[in-house]
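One structure is given below, encoded as structure tokens.
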Amino acid sequence: MMTDLYLIVEIDGQKAVLPASCIESVVEMGEVTPVPCAPRHVLGLFALRSRVMTVIDTRAALGADVRPGGRAVQAVIVTMGDHLYGFVVDHVDDVVPIDGAPAPARALLSPGWAAMSAGILEHDGMPMIVLDVDALISGKPTALAA
Amino acid sequence: MMDDLLSDFIAETRETLEAIAGEIVAWEAAPGDRSRLDSIFRFVHTVKGSCGFLDLPRLERLSHAAEDVLADVRDDRRKPDARLVTAVLAIIDRISELTEAIDSGHALPDGDDHILIAALSEAEVSVAEESPATAIAVPANRGVARSIRLPVDLLDRMMAGVSDMVLARNELSRKLREVGIQSGIEVAFERLSLCIAEMRDSITRTRMARIEHLFTALPRLVRDISSELGKQVTLRIDGGDVELDREMIEMIRDPLTHIVRNAIDHGIERPEDRLLAGKPAIGTLDVCARQVGNHILIEILDDGRGIDADRLVRKAIDNDVITEEAASRLGWDAKLQLIFSPGLSTAQSVTAISGRGVGMDVVRANVEKIGGTVEVESVPGRGVHLTMRVPMTLTIIPALTVSCGGQHFAIPRSAIDEIVRVGGDAVRPAKLGGADVVFIRGVRLPVVALANVIGADDGGDHLHMVVLKLSGGNRYALAVDAVHDHEELVVKPAAPIIMACGIYGGTTLPDNSRPMLLLDIAAIAERAGVDWKTGGRDLADDNVEALVEPHDPILLFRDLDGTERAIPLALVERIEDCFAGAISERAGRVRLVHEGRMIPLLSCGVPITAPKVRVLRMNDGTAEIAYAIDTVIDIAPVEVALHRAATPGLVAGVMLVEDRPVEMLDSFWMFAEVAQAETPVECKPLCLLADDDAWTRKVLAPLVEAAGYRVAFDDSGAAPDLVIAGDAATGELSAPTLRLRMTSEPVDASDPSLWRYDRPALLAELQRHRTRRNAA
């Protein structure tokens, strides 16, 4: 049986997991430089250890209300294709090992969650939505065929 | 162990292939050149040796066959003719393909190796082969420098590391300023800064490569294209030792290839056409590189037929790229710029070489993407001169920071023409058909408010403007809230989602550690809808000119046709009302009888019907003219930016007066017009038309008169300055004689006569004799 590590996060009152393999760290972020003309879920840019990170508002990507800005927030740092991204989440919980591969969701997810999920995993008897990192970055479902 | 050897072999072969490409073509042009032959021989020999060791039988067979043949040539057992060279080239191409296939792990079908090998054999050699189509002047081999081989990604990592060091240093500098530094720390910090700067320089240099890497492929490219097209081209390369960033070299490879293809395909003519045009049969293509400051200029010159700007304009009109009206206002340079419009190609037909779709617009877009520019000049019949200007390195660029909507942005210095502040007469904002424009020293530029582009609040003041120059020469003014510093910035590509916004060129971290976006100025112009084609075009230099000195007042009036026109007030002597009865028309000239004198009267052409007419009387010091108008509107003290009319005539051009278009009269043209018509008859040269027949009187005489001559039909009067006679006429004639013949073709080459309907030649002769007489 396959066991992978996942990070449990909370977004818009909902718990979900991100695959730990692509996560670099979790940081507290300060003020973000906005990017005019960017899609709604791109919060802006932030300098992390002398690198420019693109900050993604996961709530906006999931179609929920945009977070009120201003205060420092927690961001999950992810590297994708030479670029650094920070996913702003409401709360970072814990890293846990979960067995098995994600299964397609049987429940009817809201359109936002459905577009951003890569499947469902069981953890301590609770179903957990696995977030699709690529989809969160682009704000669009990764592949409609999958 | 084996893998290491194999990858070394691949890298080495690849590098030698690149270096040898030029040698092969040069050898073809000069088969007797022993040193070229030797280096090709060495190459196949080395490949053969390595293949045996590495167990690569196909490569070994191919290289062995080529080696044998080349050995024969070296020992003078065979003559290197075109066929042999082509066969060797084919083998070397196959070696190159196989090498790449081994590297990528794909199998290459065995295919026709044996055919290639068979082509080398002497039996195949046919007698008649055309002479080599291409002659190449390749600089002599240079000595090999002491060097090591490094993977490029290691260099990239080093560069990234140094860039990070610079950023970390900047951050430290900021932190030190915050806590207030002591002098001891300051000295140490300065030393660190110096070390980092030096290190950055040397690492930057490791990324530099000779542009030769790009140029070595050209001889082969030129050879292949020209022989395919049946053209003959001499390629001359210069400046191969100029260095620029490896990455940059890769970025300009495609644009350069495309330009070279275009030059041979569309520029250089077929040998027979060249001979007809009085040029040598072999075309010349010059490619040279040189460093100018932080930029590299790559110039590509051909001596082909040049760009047919008028055909370009017609195509642009057909493809709705430009309106006919806008096209009529374009100057020569502006017409040439149309070559960069999407979807235009000057060639009549799509060819296999240049293909369709990839036009100069793509070339320019690709070069602009890396912060470069492309410019084009062309003289019809003489060739095209393209200049690519690219920055030496991608990573560190000098930039200007500006702010807008409370946020800082960076603009590449290379794109900035000047920075202006609105105010005074030199920089005047205005509205033109609802769009913002600015007059900078009389030149009108479209204005793009950055606030509008980024969706920030637009205060509407537009006090600070940065004049940006796009490649192709178009300029526009970007209105920003404030202009800040010049800084050297480490620019990195932004995440795809940010690049997709379409207005940014990358991100950077300045000293304050707040990420900053680099603006893509070409994309912003496009997004803001700056329309270069219909009036938004930069009306600088050749088509805008201040005919009137600043603050020189002009007289605004309504003309007889209702149009608002203007004339410099200084030229107007008096404004008078005259009776229509005082106007007479004689000998095709309208004159005003005034105070006992006849004054030539000009008008816009509308018939004068009112009993009284108002005229402007003007005087140039020697001649007097009058111009009929409707009413005087105003005298305006304006500084005029005049948009020159395309053709000389009554109207010199159009300008804006208080946002209204006003036509400026061309006083020079008016006086010249009158002066020519008023030349006293006695002063005109006399032309004797020797054949007094109907054709001469009705057809020839008016033409000669229009050219400024008096005509006579018999020689009883004064001595003529020129005689025009039919070819039948004989006898001694005292004056220079122009003979006309009935047929369009001359009898023989020595026949000096002109066909009687060859109007241009006739007029040229008339002009020549008149000038000669005046000079005498």
Side-chain angles (χ1 to χ4, degrees), chain A residues 22 24 27-58 60-62 66 69-70 72 75-88 115-116 131-143, chain B residues 153 156-157 160-174 196 403-410 450-457 489-504 506-520 523-524 527-528:
Chain A
C22 65
E24 283 200 351
V27 297
E28 291 265 308
M29 257 183 0
E31 208 182 332
V32 167
T33 304
V35 179
C37 299
R40 203 175 70 109
H41 70 284
V42 176
L43 214 52
L45 304 173
F46 181 76
L48 179 75
R49 294 188 293 271
S50 299
R51 289 182 68 189
V52 176
M53 171 173 93
T54 306
V55 185
I56 303 287
D57 185 345
T58 51
L62 288 163
V66 179
V76 179
I77 311 304
V78 165
T79 305
M80 281 297 259
D82 289 344
H83 293 284
L84 209 57
Y85 296 90
F87 292 131
V88 173
M116 299 296 140
L131 289 170
D132 182 335
V133 175
D134 281 323
L136 282 174
I137 291 170
S138 68
K140 289 193 267 295
T142 313
Chain B
D153 69 323
D156 287 346
R157 284 214 302 280
V162 170
S163 298
D164 286 348
M165 260 161 73
V166 172
L167 296 172
R169 184 211 77 94
N170 292 350
E171 196 175 350
L172 183 60
S173 148
R174 186 175 53 87
I196 293 176
S403 63
C404 184
Q407 196 173 342
H408 282 59
F409 296 95
L450 185 55
N452 289 339
V453 176
I454 63 170
D457 276 342
L489 296 173
V490 178
V491 175
K492 295 190 170 174
I497 184 92
I498 291 176
M499 295 308 261
C501 301
I503 54 172
Y504 305 116
T507 61
T508 177
L509 266 183
D511 288 359
N512 67 6
S513 270
R514 287 201 50 142
M516 186 160 60
L517 289 154
L518 181 82
L519 298 176
D520 178 340
I524 286 176
R527 168 167 297 218

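Note that this is a predicted model, so its numbers are computed, not measured. Side-chain atoms are counted along with the backbone in the values below, which use heavy atoms only and exclude waters and symmetry mates. Naming: A, B, ... by sequence-line order, numbering from 1 per chain.
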Can you tell which part of A/Val35 gets under 4.5 Å to a heavy atom of chain B, answering side chain, backbone, both or neither?
both
Give, as side chain, backbone, both or neither, the part of A/Tyr85 having an atom under 4.5 angstrom from any heavy atom of chain B.
side chain
Select one option (side chain, backbone, both, neither) describing which atoms of B/Ala494 are under 4.5 Å from chain A's heavy atoms.
backbone
Does the side chain of [X] reach to within under 4.5 Å of the side chain of [Y], using non-hydrogen atoms?
{"X": "A/Ile137", "Y": "B/Pro496", "value": "no"}
{"X": "A/Thr33", "Y": "B/Thr507", "value": "no"}
{"X": "B/Ile497", "Y": "A/His83", "value": "no"}

List the atom of [X], the atom of [Y], and the distance in Å for their closest heavy-atom pair.
{"X": "B/Phe409", "Y": "A/Pro36", "result": "CZ-CG, 3.9 Å"}
{"X": "B/Cys501", "Y": "A/Ala38", "result": "SG-CA, 3.4 Å"}
{"X": "A/Cys37", "Y": "B/Ile503", "result": "SG-CD1, 3.6 Å"}

Within this structure, what is the CG-CZ distance for the pair A/Leu45 and B/Arg514, rounded to the nearest 0.5 Å?
9.5 Å
